[in-house]
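Worksheet: one structure, shown below.
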Amino acid sequence: GYLLRPFLASLWPQGTAEWLRGPLGGAFGRSLPRDSHPGWVNPEFARRIGLDEIIRDNEEPRSGIRDPVRRARYRLIFTYMHMRGMVWSNRTWARFGLTFADPWSDRRLAELVLAMPQWRVQRPSEPKGIARRAMRGVMPESARRSVRKIVPYPLYEKALKDWSRETVEGLISGSRAAARGYLDEGALMAHYRAILRGEPEHSCFWWALTLEMWLRRYWG
C-alpha cells in the first residue's frame with residue numbers, strides 16, 4: 001500500500017485509482033463503493049437526506065492537487081472526521097466559557113506540511129520526524145524518542161465479541177434509532193452476529209452504537 005498505491009496513481013489520470021478501488025480493493029484500500037451506505041440504514045431515510053451524496057462529499061475532500069502523495073496528505077489533514085472533531089471540541093469548551101486551541105490545527109502548519117516533500121515530513125525509520133525534532137528540549141528525551149501511537153482496536157474487538165457482548169445486544173435490541181426510522185434493527189443485529197462469527201466489521205458499526213447511546217441518554 002505504501003509503495004504500490006502512489007506509484008499506480010502517478011501513472012494514470014486523477015480519479016483512475018478511485019475507479020479501480022472496487023476491483024482492486026486490496027491495493028487501493030477498502031472495496032466498499034464510495035456511494036454506498038451500511039445495509040442496516042433505512043433506505044427511505046437515506047434517500048430523504050441524500051446520504052450517498054453526503055458520503056461522497058465527506059470522504060473525498062475536493063482539491064486541485066494532482067500529485068498523489070500530496071493529495072493523500074491533503075485528504076488526511078482535511079478529512080471530514082477531523083473537521084467535525086474540531087467543531088465538537090470548540091462547542092464543548094464553549095459550553096464552559098472556555099476557548100479551544102489546538103496548535104496542530106493551525107492553518108499555517110497545514111500549509112507548511114502540504115508544501116514539504118513527504119520524506120521531510122515522515123520516514124518509515126523516523127515516524128513524525130518533524131514533530132519529534134520540534135519537541136527536543138521540551139519533552140523528556142526518553143518520551144520524545146519512544147512515544148508511539150497505540151492502536152486500541154484489539155481491546156475494542158475483544159470487548160465487542162466478548163466482554164461487552166450483552167451490552168451491545170442490549171443497545172441493538174429495542175433500538176431508539178430504529179424507532180425513529182434511521183435504521184433497520186434486524187439488519188444491524190444480523191451484522192453483529194456476523195461479526196461474532198468472525199466476518200469483517202463495517203467501519204460504521206461503531207457509529208450506529210454511539211448513535212443509540214446518545215439517543216438513550218439525551219433523547220429519551
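Predicted, not measured: the structure shown is a model, and the values here were computed from it.
We find the CH2-CG distance between Trp40 and Leu183 to be 9.0 Å, quoted to the nearest 0.5 Å. A distance of 9.0 Å separates OG1 in Thr99 from CH2 in Trp93, rounded to the nearest 0.5 Å. Interatomic distance, CH2 of Trp206 versus CG of Leu211, reported as 12.0 Å (0.5 Å rounding). Here the NE2 atom belonging to His37 is positioned 10.5 Å from the SG atom belonging to Cys204, to the nearest 0.5 angstrom. Taking OH of Tyr192 as the start and CG of Leu188 as the end, the distance is 10.5 Å to the nearest 0.5 Å. Here CD of Glu157 is found 11.0 Å from CH2 of Trp163. Values are rounded to the nearest 0.5 Å.
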- Query: Would Ile130 and Met116 count as a side chain to side chain contact (heavy atoms under 4.5 Å, CB included) if you check the C-alpha gap in whole Å, the side-chain angles of each, and the deciding distance to 0.1 Å?
  - Reply: CA-CA 11 Å; Ile130 292 180; Met116 285 181 130; 3.5 Å; yes
- Task: Determine, stepwise, if the pair Arg193 / Glu169 fulfils salt bridge (charged side-chain N to carboxylate O under 4.0 Å, His left out).
- Result: CA-CA 10 Å; Arg193 299 296 187 197; Glu169 291 178 339; 2.6 Å; yes
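With contacts defined as side-chain heavy-atom distances shorter than 4.5 Å, the pair Val168/Ile172 qualifies. The side-chain heavy atoms of Val41 and Leu51, taken from C-beta on, include a pair separated by under 4.5 Å. For the pair Leu160/Leu209, a side-chain contact is recorded, criterion being any heavy-atom separation below 4.5 Å from C-beta on.
The environment of CH2 in Trp88 is sparse: at most 12 heavy-atom neighbours from other residues, nucleotides or ligands sit within 6.0 Å. Atom CZ of Arg133 is surrounded by more than 12 heavy atoms from other residues, nucleotides or ligands within 6.0 Å.
Looking only at atom types and distance, the side chain of Tyr153 has a donor-acceptor partner in the side chain of Glu201 under 3.5 Å away. Side chains of Glu185 and Ser175: no donor on one and acceptor on the other come within 3.5 Å.
Under the 4.5 Å side-chain heavy-atom criterion for ILVMFWY residues, no single connected hydrophobic cluster contains both Leu196 and Leu155. Following chains of ILVMFWY side-chain contacts shorter than 4.5 Å, one can reach Met86 starting from Phe96, so the two form part of one hydrophobic cluster.
Partners of Asn90 according to the side-chain contact (heavy atoms from CB on, under 4.5 Å) rule, which considers only residues two or more places apart in sequence or in another chain, are Phe100. Scanning for salt bridge (charged side-chain N to carboxylate O under 4.0 Å, His left out) contacts around Arg47 gives Glu44, with sequence neighbours left out.
Taking both residues in full, the closest heavy atoms of Gly170 and Arg216 are given as O-NH2, 3.0 Å, listed atom of the first, atom of the second, then distance. Across all non-hydrogen atoms, the minimal contact from Arg176 to Glu212 is N-OE2, 2.7 Å.
Side-chain atoms of Arg132 come within 3.5 Å of backbone atoms of Arg145 as a donor-acceptor pair (strictly under, hydrogens ignored).
Checking Arg136, Glu141, Met135 one by one against Met139, the side chain to side chain contact (heavy atoms under 4.5 Å, CB included) holds for a single residue, Met135.
A perpendicular orientation is assigned to the rings of His202 and His191, their planes being inclined by more than 60° (bins at 30° and 60°).
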